[in-house]
Amino acid sequence: MTSIAAPPKRLLLYALPIVILLLVLPFVVEPYQTVLLSYGLIFAIAALGFNLLLGYTGLLSFGHSAYFGMGAYGVAFIVKYLKITSMEVFLLGGILASTLVAALFGFLCVRYTRIFFGILTLALSQVLWSLAFKFFWITGGTDGLRVPTPSLLGGQVTIALGKAQDKMDFLAHRYYYYVLVIFCVCVAVMWVIVHSPFGKALQAIRDNETRAEFIGVQVWHYRYVAFLVSGAYTGLAGALWVPLNGLTTPDILVWTFSGKIVFFTVLGGFQTFFGPIIGAVVFNYLETYAVGHTVYWQLVLGVVLVVLVLALPAGIVGTANRLFLKVRRAT
Amino acid sequence: MDVLIIHFLNALLYASVLFLIAGGLSLIYGVMRIVNLAHGNIYAVGAYTTAWAVGRMLGSAPAITLYALLPVGAVAAAALGAVLEPTLLRPLYKRAEEYQLLITFGLLLILEDLLRLIWGPYPLSASSLYEALGSLSIGESIYPTYNLAVIVVGGIAAAALWGFVYKTKFGVILRATSQNMRMASALGVNVNRVYVQAFTLGCFMAGLGGAIIVPQQGAVLGMGVDALVLAFVVVVIGGLGSLEGALLGALMVGVVREFGIAFFPEIELAVLYLMASIVLLIRPAGLLGRA
C-alpha cells in the first residue's frame, strides 16, 4: 500500500489548492452546481465510512443503506416528534440512530466474512426497509417524511423567513460550507483512524486473519469497532443528506442503494484512501448527467460498472496512481 | 376450511415459482461459487419473452396452442445465460469474489434497462392463457385452474431437476465440480463447459419461473429485483448451493408469505427477512447447507 503511505506534508500541499478551490466555488459557479457538489461530498463521507470495512478490513457489506437510511430517518423523527430543526441536533441524532443500528447489526454480522457477511448485511438492511415501507403511520410509507431547512450552528445561521427563493441560496452557500467543513473533518479523522495502530490492525486482519490472530489482534473486537465507525460515518452522511433532499423515503433503505455505495467505492478505487471520495463525487455527476440525458441511465451506469470491473479494477485513483508511478519510473 | 385450502394452494403457488428462481440461483452458487445478483432479471427476461410471444400470436392461433409458447421465455433466459457466462463471468473466477458481486450488480442495472428499452415502460400481459383455463370449485370457493397448473409444473421441475442432478452422468460431473473444482479438472472434466452448462441450466429455471407465472401476474419492470430478494431469503434459509434447501426454503417462504399477507400484512416482509437473519445466525450455511 505505497499509495496511502504518502507523507502527510506533501499531501497537504496537494490538498490545499483543492480546498481553496472548493471554498471559492460557490462564488464562481451557479447554485445548482454547488448543491450537486454538496450531494457528492455527502456521498463521499458515506463511501469513506464504507471503505473502512471494504478496503481496510476486507468485509464487503451489501447493507450500508441501513445506516444511511437510519441517519436520514433519525433526523426525520426528530423533526416529527421533537419539533427541533437545529442541524447540530440532527447530526447527533442521525449518528446516534445509525450507530445503535450498527451496534446491533454489527454484533450479528462480524462473526462472518466473505459472502455470508455480504448476504447477512443485505438481509438485515431489508428488514429496516420493509419496516419503513409498511409502518406508514410512523414513517410515512412510500410518501416518506419531510424535513424542513434546518438552522445551523445553534440557530446562528438560518434561512430568511418568508423568502422562498432564499432556500436555494441557503443550500448553495451556507449549507454547502457546513457540509464542506464536516467533510474535511471526516476526511482528517478517517486519515488518522486508518494510520493509527487500530487501522494497521484492521489491515493486518484483511491481509491475513490467522496471522493477525496469532500476533495478538482480537479479530472480532477490531472488526466490530470498524463496523461501528463505518456505520456512524454512513449515518452522518444520511443526516447531512436529508435537509438537502428535503425528504426521506424508503428508497434509500433498499439494498440497491447499498449497491450504489459499493459502486462509489469501486469506481474511485477501494485500495486507496482517496478513491472512495473521488468515486462518490464522480458517480454523483455521472448519475445526474445520465438521468438528465436518458431514461436508460441504469444501462449507462451498469455498463460503466461492468467495464470498470473488467478493465480497471483498481478504480480511478488506483489507475491514476499506477500511471503516475509508471511515468515517474520512465523518466 | 375452504379458505384454509385456498391459502395453502396459494402458498404452494408462491413456493413453485420461488423454487424455480431460487433453485437456479442455488445451483449456480453450488457449482460456480457466484452469487448472481442479476438472477432476478433473468427471471424477468423469461416473463417478458413469454408475454411478448403470447401477445404476438394471440388471435392468429387457437388459444390452446398458445400454451406451447410458455417455454419460449425459459429458452430465451437459458440462451442469455449461455452468452453471459463465457463473456462476463469467466474472466473473474480468479479474482476476489467482491468483483463477481459487482459485475452481476452491473448486469442487474443493464438488464433492468434493456427490458425497458425493448418492451417499453408498460406492463405486458399474457392473461388470456390464465383465463382460458377457467376455474374449478373447492367446496364453496372457486380457484383458478391455471394456478394449479403452475403448482404442477413447479413440482415436475423439482422432480426433473432432482433426477438430472442425482441420476445422470452430467449430474455426477456437476456435483463433482461443485465439491472440488480442481480435482474434477485434474480428472479430465472440462470445467469451463460444466460452468457454462450449470449457469445456463440455472438461468433456464429462472426463465421457466418467469414464463409460467406471467399469465397470472403479468410482466412489469422491477419484478426481477423484487424476486431476487425473495430468492435470497429462500436460499439463505435453505442453504446456498443446496437444491433440497431451495425447495424447503421456498415452501417455508411461500407459507409465511401467504399467511403473513392474510393475517399480519404490516410485518409480512420484515418477518421473512428476520427469518432469514435468524437462520443465518444459527446456521450460517442454511438449514440444509453444508458449511
Side-chain angles (χ1 to χ4, degrees), chain A residues 54-55 58-60 62 105 107-109 111-137 141 254-256 258-260 262-263 265-267 270 290 294-311 313, chain B residues 29 33-35 37-38 87-88 91-92 95-117 121 221-222 225-226 228-230 232-233 235-237 240 264-281 284-286 289 291:
Chain A
L54 177 63
L59 294 171
L60 173 60
F62 245 91
F105 286 7
F107 181 76
L108 304 174
C109 293
R111 291 193 284 165
Y112 306 109
T113 53
R114 300 161 69 85
I115 205 78
F116 290 110
F117 179 82
I119 295 184
L120 190 53
T121 48
L122 193 157
L124 287 171
S125 76
Q126 288 301 103
V127 174
L128 284 189
W129 168 75
S130 58
L131 292 180
F133 185 63
K134 291 280 176 90
F135 281 80
F136 53 88
W137 58 94
V254 186
W255 68 275
T256 45
S258 307
K260 254 190 207 174
V262 183
F263 198 155
T265 312
V266 175
L267 179 65
F270 65 87
T294 165
V295 283
Y296 304 110
W297 55 275
Q298 291 193 86
L299 188 69
V300 176
L301 294 178
V303 169
V304 169
L305 186 58
V306 167
V307 169
L308 203 67
V309 171
L310 288 178
Chain B
Y29 179 81
R33 306 284 144 186
I34 279 188
V35 174
L37 292 178
T87 50
L88 284 184
L92 291 176
R95 302 241 298 265
E97 58 192 3
E98 284 85 4
Y99 289 112
Q100 297 162 3
L101 277 183
L102 283 169
I103 206 150
T104 54
F105 184 66
L107 202 56
L108 178 154
L109 296 173
I110 292 174
L111 286 177
E112 191 71 29
D113 261 3
L114 278 183
L115 291 176
R116 189 199 301 265
L117 188 67
L221 289 171
V225 177
D226 292 347
L228 177 75
V229 179
L230 282 178
F232 255 155
V233 172
V235 293
V236 161
I237 290 175
L240 257 178
F264 40 93
E266 286 88 4
I267 54 167
E268 161 249 330
L269 280 169
V271 165
L272 282 180
Y273 299 127
L274 275 179
M275 238 166 76
S277 310
I278 291 167
V279 168
L280 263 177
L281 288 173

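Just the heavy atoms: all of them, side chains too, but no hydrogens, waters or symmetry mates, feed the values below. In what follows, chains are A, B, ... by sequence order, proteins preceding strands, each numbered from 1.
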Q: Which atoms of A:Leu54 are under 4.5 Å from chain B, going by heavy atoms: the side chain, the backbone, both sets, or neither?
A: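 Side chain only.
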Q: CG of B:Leu117 to CD of A:Gln298: how many Å apart, nearest 0.5 Å?
A: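 With rounding to 0.5 Å, CG (B:Leu117) is 12.5 Å from CD (A:Gln298).
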Q: Can you tell me which of B:Val35, B:Ile103, B:Leu92 forms the most heavy-atom pairs within a distance under 4.5 Å of chain A?
A: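 Most heavy-atom pairs within the cutoff with chain A belong to B:Ile103.
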Q: Taking B:Leu102 as the fixed residue, which of A:Thr265, A:Val306, A:Leu308, A:Val262 is the one that meets the side-chain contact (heavy atoms from CB on, under 4.5 Å) rule?
A: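 Of all the options given, the one that passes is A:Val262.
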Q: Check whether B:Val271 gets within reach of chain A through its side chain, its backbone, both or neither, counting any heavy atom under 4.5 Å.
A: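 No part of it gets close to chain A.
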Q: Please name the pair of heavy atoms, one in A:Ala123 and one in B:Tyr273, separated by the smallest distance, quoted to 0.1 Å.
A: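 Looking at all heavy atoms of both residues, the closest pair is O-CB, 3.7 Å.
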Q: Would you call the rings of B:Tyr99 and A:Phe270 parallel, tilted or perpendicular, where under 30° means parallel and over 60° means perpendicular?
A: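 Correct class here is tilted.
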Q: Tell me, for A:Leu128 versus chain B, whether the close heavy atoms (under 4.5 Å) come from the side chain, the backbone, both or neither.
A: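 For A:Leu128, neither part sits under 4.5 Å from chain B.
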Q: So what's closer than 4.5 Å to chain A heavy atoms on B:Phe105: side chain, backbone, both or neither?
A: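 Contact with chain A: backbone and side chain both.
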Q: Select, from A:Phe263, A:Trp129, A:Phe133, the one with the greatest count of heavy-atom pairs under 4.5 Å involving chain B.
A: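 It is A:Trp129.
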Q: Show your reasoning for whether side-chain contact (heavy atoms from CB on, under 4.5 Å) applies to A:Leu310 and B:Leu88.
A: CA-CA 8 Å; A:Leu310 288 178; B:Leu88 284 184; 3.8 Å; yes
Q: Evaluate the side-chain contact (heavy atoms from CB on, under 4.5 Å) criterion for residues A:Trp255 and B:Leu228: first the C-alpha distance (whole Å), next the side-chain angles of each, then the deciding distance (0.1 Å), finally the verdict.
A: CA-CA 11 Å; A:Trp255 68 275; B:Leu228 177 75; 3.5 Å; yes
Q: Any chance CZ of B:Phe264 has more than 12 other-residue heavy atoms, nucleotides or ligands included, within less than 6.0 Å?
A: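 Yes, enclosed.
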Q: Please name the pair of heavy atoms, one in B:Arg116 and one in A:Tyr296, separated by the smallest distance, quoted to 0.1 Å.
A: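 What the structure gives for the nearest pair is CD-CE2, 3.7 Å.
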Q: What part of A:Leu305 is in contact with chain B, defined as an atom under 4.5 angstrom from a non-hydrogen atom: side chain, backbone, both or neither?
A: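 Side chain only.
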